[in-house]
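Reviewing the structure listed below.
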Amino acid sequence: MTPIELYIHIPFCVKKCLYCDFLSGVFDEKMQRRYVAALCTEIKYMASQVHGVEIATIYVGGGTPSWLSEDLMDSIITTVKSSFRVNPLAEISVECNPGTLSAEKLNVYRSVGINRLSIGLQSANDDELKELGRIHDYNRFLHTFDLVRKAGFDNVNVDIMTGLPHQTVEKLERTLNAVTMLRPEHISAYSLIIEEGTPFYDKYKFDAVKQHAGMETEDLPTDEESYHLYKYTMDYLEKKGYKRYEISNYARGGKVCHHNIGYWDRVPYLGLGLGAATLYQNRRADNIRDIYKYCEIAEQIAEGKEISTELSSPFYDNEETLSKKEAMEEFMFLGLRKIDGVNRSDFFNMFGIDIEAIYGPIITALRNQGFMDAKEGRLFLTDIGIDVSNQVLAQFLLDK
């Protein structure tokens, strides 16, 4: 059996955060139920199209998946398990926001096999949470975390953010101290990115340009201050026993996120739900992004109607077969996000050629510059290389 991963997208939120450009929005319960019925139809359809596979991980992301009622989440996971062969030890993760969980929901999660939760805190400072447009305050997060622990979950991630407007080291330290005192198994620390099309873009776009140019800013931290906040986070978490295993992710006790590692290692995955991405049999595809069209297609399939499409799935909006060059590029710029980097033998086994035959001059140059090192058959970025990872990883795009 070939191990593959599933990503399941839930595009619903209580309220859209001001910095978020993810495919999500506010819909009523009727639309949520219609969507989940459509999603279950897609799950069954895709299971009928792939053979000889076993699901190694399932990741339910969004949006806010925990906003769904417990019976809808039960329906999704139960449909996956009845449609696919799922490894009994599969990691099954669900993203959650404080204020959207209850003891009843968590009991259902446990009963259907969900074994990992990711809670979006972002900050322990209420003024920062208000600025981000979050629906919760810090006390609500504490209540949610307590519910999660009492329900028996022992694999929990907490998301935090750096580079927030007016964020200081003191504010960041309060967040880091508050989170690490709770001892979650995993912490994801992301830098704020001002994305076009969001309220934050309208508010901070000129500051973001100044930041990128290394100029003085008004509300956002300067580029130098952002770097200091990022390094402070890394040092603080490592001192508290959290091992950094990817640019933005830390774990203690070996509780890494296996779904994310699979993504960085290019393990095949199926994306199910609105706008979800797929990598399967060296083909990349994206699902349609119109929720009404998505539901209509699923409803037609459920009624037994034929859907005319030139793509591999009627749910796809686009599809392409990756060239060998594109696959090698992905291998490098995804794999080098991991602190352990990439394995030379894995590259050879996948592509039938030595890594140096393709990237030898680039690797030599990066090693001479101190951005990359090698050990025990692996190539990895140094601390300095990670600090400028965007520029370094771009070197592996052969047609840059």
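- Using modelled atom types and a 3.5 Å distance limit, the side chains of N287 and E42 yield a donor-acceptor pair.
- Using a distance-only test at 3.5 Å, with no hydrogens or angles considered, a donor-acceptor pair links the side chain of T79 to the main chain of S75.
- Here E376 does not pair with R378 in a salt bridge; the nearest charged N to carboxylate O distance is not below 4.0 Å.
- The closest side-chain heavy-atom distance from I291 to F12 is below 4.5 Å.
- Residues T64 and E95 have side chains that never bring a donor and an acceptor to within less than 3.5 angstrom of each other.
- Remark: R284 does not engage E320 in a salt bridge, criterion side-chain N to carboxylate O under 4.0 Å.
- Between P184 and Y242, some side-chain heavy-atom pair lies under the 4.5 Å cut-off.
- One hydrophobic cluster, built from ILVMFWY side chains closer than 4.5 Å, holds both V14 and V36.
- When the side chains of ILVMFWY residues are joined at heavy-atom separations under 4.5 Å, either directly or via intervening members, V26 and L72 end up in two distinct hydrophobic clusters.
- Side chain of H9 to main chain of L23: a donor-acceptor pair is present (N/O by atom type, distance under 3.5 Å, no hydrogens or angles).
- A donor-acceptor distance shorter than 3.5 angstrom exists from the side chain of H136 to the backbone of L121, with no hydrogens or angles considered.
- Salt-bridge formation is detected for the pair R33/E29: a Lys NZ or Arg NE/NH1/NH2 atom is positioned less than 4.0 Å from an Asp or Glu carboxylate oxygen.
- Counting heavy atoms from C-beta outward, Y59 and I92 have side chains that stay 4.5 Å or more apart.
- Side-chain contact of K16 with S24: a donor-acceptor pair under 3.5 Å is present, judged by distance alone.
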K203 vs E131, salt bridge (Lys or Arg N to Asp or Glu O under 4.0 Å): CA-CA, chis, key distance, verdict: CA-CA 11 Å; K203 187 174 183 179; E131 174 72 17; 3.2 Å; yes

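- Side-chain contact check for R110 and N115: no donor-acceptor pair (N or O, by modelled atom type) lies under 3.5 Å.
- Distance check, rounded to the nearest 0.5 Å: OG of S66 to CG of L101 gives 4.5 Å.
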Worked check of salt bridge (Lys or Arg N to Asp or Glu O under 4.0 Å) between R134 and E128: CA-CA 9 Å; R134 303 293 288 174; E128 290 181 332; over 6 Å; no

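- A donor-acceptor pair shorter than 3.5 Å cannot be found between the side chains of T162 and Q167.
- Defined by atom type and a distance below 3.5 Å, a donor-acceptor pair is missing between the side-chain atoms of Q211 and D223.
- Figure legend: cation-pi geometry between R174 and Y138, with NZ or CZ positioned under 6.0 Å from the six-membered ring centre and within 45° of its axis.
- K240 places none of its side-chain heavy atoms less than 4.5 Å from the side chain of M181.
- Not one N or O on the side chain of R116 forms a donor-acceptor pair closer than 3.5 Å with the backbone of N157.
- With hydrogens and angles disregarded, a donor-acceptor distance shorter than 3.5 Å links the side chain of N343 to the backbone of S345.
- Not a single donor-acceptor pair under 3.5 Å links the side chain of E326 to the backbone N or O of L322.
- In terms of modelled atom types and a separation under 3.5 Å, the side chain of T217 and the main chain of D219 share no donor-acceptor contact.
- A distance of 9.0 Å separates CD1 in I160 from CD in Q122, rounded to the nearest 0.5 Å.
- Salt bridge status for K150 with D146: present, with a side-chain N to carboxylate O gap under 4.0 Å.
- A salt bridge is defined here as a Lys NZ or Arg NE, NH1 or NH2 lying under 4.0 Å from an Asp or Glu carboxylate O, and R252 with E238 fails to meet this definition.
- Proximity of a side-chain donor or acceptor of Y245 to a complementary backbone N or O of C257 within less than 3.5 Å is detected.
- For the atom pair T41 OG1 and Q300 CD, the distance stands at 11.5 Å (nearest 0.5 Å).
- Considering only heavy atoms from C-beta on, F380 stays 4.5 Å or farther from K338 through its side chain.
- Between Y263 and Y269, the ring planes lie tilted relative to each other; the angle falls in the 30° to 60° range.
- Atoms CD1 and OG, on I119 and S188 in that order, are 12.0 Å from each other to the nearest 0.5 Å.
- A side-chain donor-acceptor contact under 3.5 Å links E91 to the backbone of H259.
- Here D373 pairs with R367 in a salt bridge; the nearest charged N to carboxylate O distance falls below 4.0 Å.
- Side chain of E185 to backbone of V156: a donor-acceptor contact under 3.5 angstrom is found.
- Closest approach of F396 and E329 over heavy atoms only: O-CG, 3.3 Å.
- Annotation: side chain of L229 is in contact with side chain of V169 (closest heavy-atom distance under 4.5 Å).
- Close placement of the Y294 and Y35 rings is indicated, their centers lying within 6.0 Å of each other.
- The same ILVMFWY cluster, assembled from side-chain heavy atoms under 4.5 Å apart, contains both I135 and V148.
- The closest side-chain heavy-atom distance from V112 to M73 is not below 4.5 Å.
- The NZ atom of K44 sits 14.5 Å away from the CD atom of Q49 when rounded to the nearest 0.5 Å.
- Of the inter-residue distances, the one linking T382 atom OG1 with D387 atom CG reads 8.0 Å to the nearest 0.5 angstrom.
- Contact annotation: the side chain of S389 never approaches that of R337 to less than 4.5 Å [non-hydrogen atoms, C-beta and beyond].
- A donor-acceptor contact closer than 3.5 angstrom links the side chains of T57 and E5.
- There is a path of hydrophobic side-chain contacts, each under 4.5 Å, that joins L334 to L366.
- Aromatic pair F347/F331: centroids less than 6.0 angstrom apart.
- K210 has a carboxylate O that lies under 4.0 Å from a charged side-chain N of E218, or vice versa, which qualifies the two as a salt bridge.
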Chi angles and distances behind the salt bridge (Lys or Arg N to Asp or Glu O under 4.0 Å) call for K171, D127: CA-CA 10 Å; K171 283 188 170 183; D127 60 329; 2.5 Å; yes

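- No single ILVMFWY cluster, assembled from side-chain heavy atoms under 4.5 Å apart, contains both Y230 and L164.
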